[in-house]
Amino acid sequence: MLLPTLIGPLWLEVSPRGVRRLEPVLLPRGKEAEGPWADRVAEAVARYFRGERPGFGDIPLDYSGLSPKQVAVYEATRRVPYGRTVSYGSLAEDLGLFPRAVGAALRACPFFLLVPAHRVVHADGRLGGFAGREGLKAWLLRFEAGGA
DNA sequence: GCAGTATTGTATA
DNA sequence: TATACAATACTGC
């Protein structure tokens with residue numbers, strides 16, 4: 001399922017257990033692996049880009065196939081409140097991991113928006129990376145901070 | 001296995 | 001201010 005947004009189309013893929021992946025269309029093609037959560041996620045994403053603050057917390061994520069460390073990092077990242085930012089080190093300390101590991105896990109995060117990786121920044125306030133899309137990360141942060 | 005990363009803190013010039 | 005090093009986890013070759 002393809003979700004049109006202000007930053008371009010997002011590819012949504014869900015399973016009976018929850019969301020499998022949600023990210024900007026980098027994949028030339030994908031399987032129409034839709035499910036019962038597709039509409040719900042689509043609506044939440046639409047509201048997000050309307051400036052509302054939908055809680056993605058009630059949307060289940062399908063972590064199957066991911067390592068326990070990744071799941072831990074994603075779960076912790078999901079708890080970051082709207083408009084706030086956390087440092088990789090802070091997350092790492094909370095999880096008992098190391099900052100480097102947090103970055104590695106977030107780098108491979110397939111849950112764009114649902115796992116607000118854009119709210120995770122350097123310890124000194126700089127943005128850090130975003131899988132080659134730092135501009136997108138900056139846009140999201142400005143969007144959440146300024147409301148538009 | 002090995003190397004490259006979405007990091008951080010300390011040390012050195 | 002800028003560069004170098006060590007330690008961790010995930011991805012791709």
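Each chain gets a letter, A, B and so on, in the order its sequence line appears, and its residues count up from 1. All heavy atoms count here, side chains included; hydrogens, waters and symmetry mates do not. Bear in mind that the values here come from a model prediction, so they are computed numbers and not experimental data.
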What is the distance from CD of A:Glu134 to P of B:dA6, rounded to the nearest Å? 8 Å
B:dA6 OP1/OP2 closer than 4.0 Å to side-chain N/O of A:His122: no
Under 4.5 Å between side-chain heavy atoms, hopping through other hydrophobics if needed: is there a path connecting A:Val80 to A:Tyr88? no
Judged by modelled atom types alone, do A:Glu144 and A:Tyr48 share a side-chain donor-acceptor pair under 3.5 Å? yes
Does A:Glu93 CD have over 12 foreign heavy atoms under 6.0 Å away? no
Report the distance from atom CZ of A:Arg20 to atom OG of A:Ser64, rounding to the nearest 0.5 Å. 3.5 Å
Taking CG from A:Leu95 and P from C:dA9, how many angstroms apart are they, rounded to a whole number? 12 Å
Output the rounded distance in Å from NZ (A:Lys69) to P (C:dA7). 17 Å
Under 4.0 angstrom, heavy atoms only, what part of the nucleic acid is A:Ala117 near: base, sugar-phosphate, or nothing? base
Do any side-chain nitrogens or oxygens of A:Arg100 fall under 4.0 Å of OP1 or OP2 in B:dT7? yes
Considering only C:dT8, C:dA9, B:dT7, which nucleotide approaches the side chain of A:Phe98 most closely? C:dT8
Looking only at heavy atoms, the pair that brings A:Leu10 and A:Ile7 closest together is CD2-CD1, 4.4 Å
Whole-Å distance separating the CG atom of A:Leu140 from the P atom of B:dA6: 18 Å
For C:dT8, which nucleotide in any strand shown is its Watson-Crick or wobble partner with both distances under 3.5 Å? none
Rounded off to whole Å, could you give me the NE2-to-P distance for the A:His118 and B:dA6 pair? 18 Å
Spacing between A:Arg126 atom CZ and C:dT1 atom P, to the nearest angstrom: 11 Å
Nucleotide B:dT7, atom C1' - distance to CG of A:Asp124 in whole Å: 10 Å
Between C:dA9, B:dA6, B:dT8, which nucleotide has the shortest distance from any of its atoms to the side chain of A:Ala101? C:dA9
Closest approach to the side chain of A:Ala131, judged atom by atom: which nucleotide of B:dA6, B:dT8, C:dC10 is it? B:dA6
Mind checking A:Val121 for me? I need base, sugar-phosphate or nothing, with any heavy atom below 4.0 Å counting as a touch. sugar-phosphate
Gap between atoms OH and C1', on A:Tyr74 and C:dA9 respectively (whole Å): 11 Å
Is B:dA6 paired to anything, Watson-Crick or G-U wobble with both distances less than 3.5 Å, and if yes, which nucleotide? none
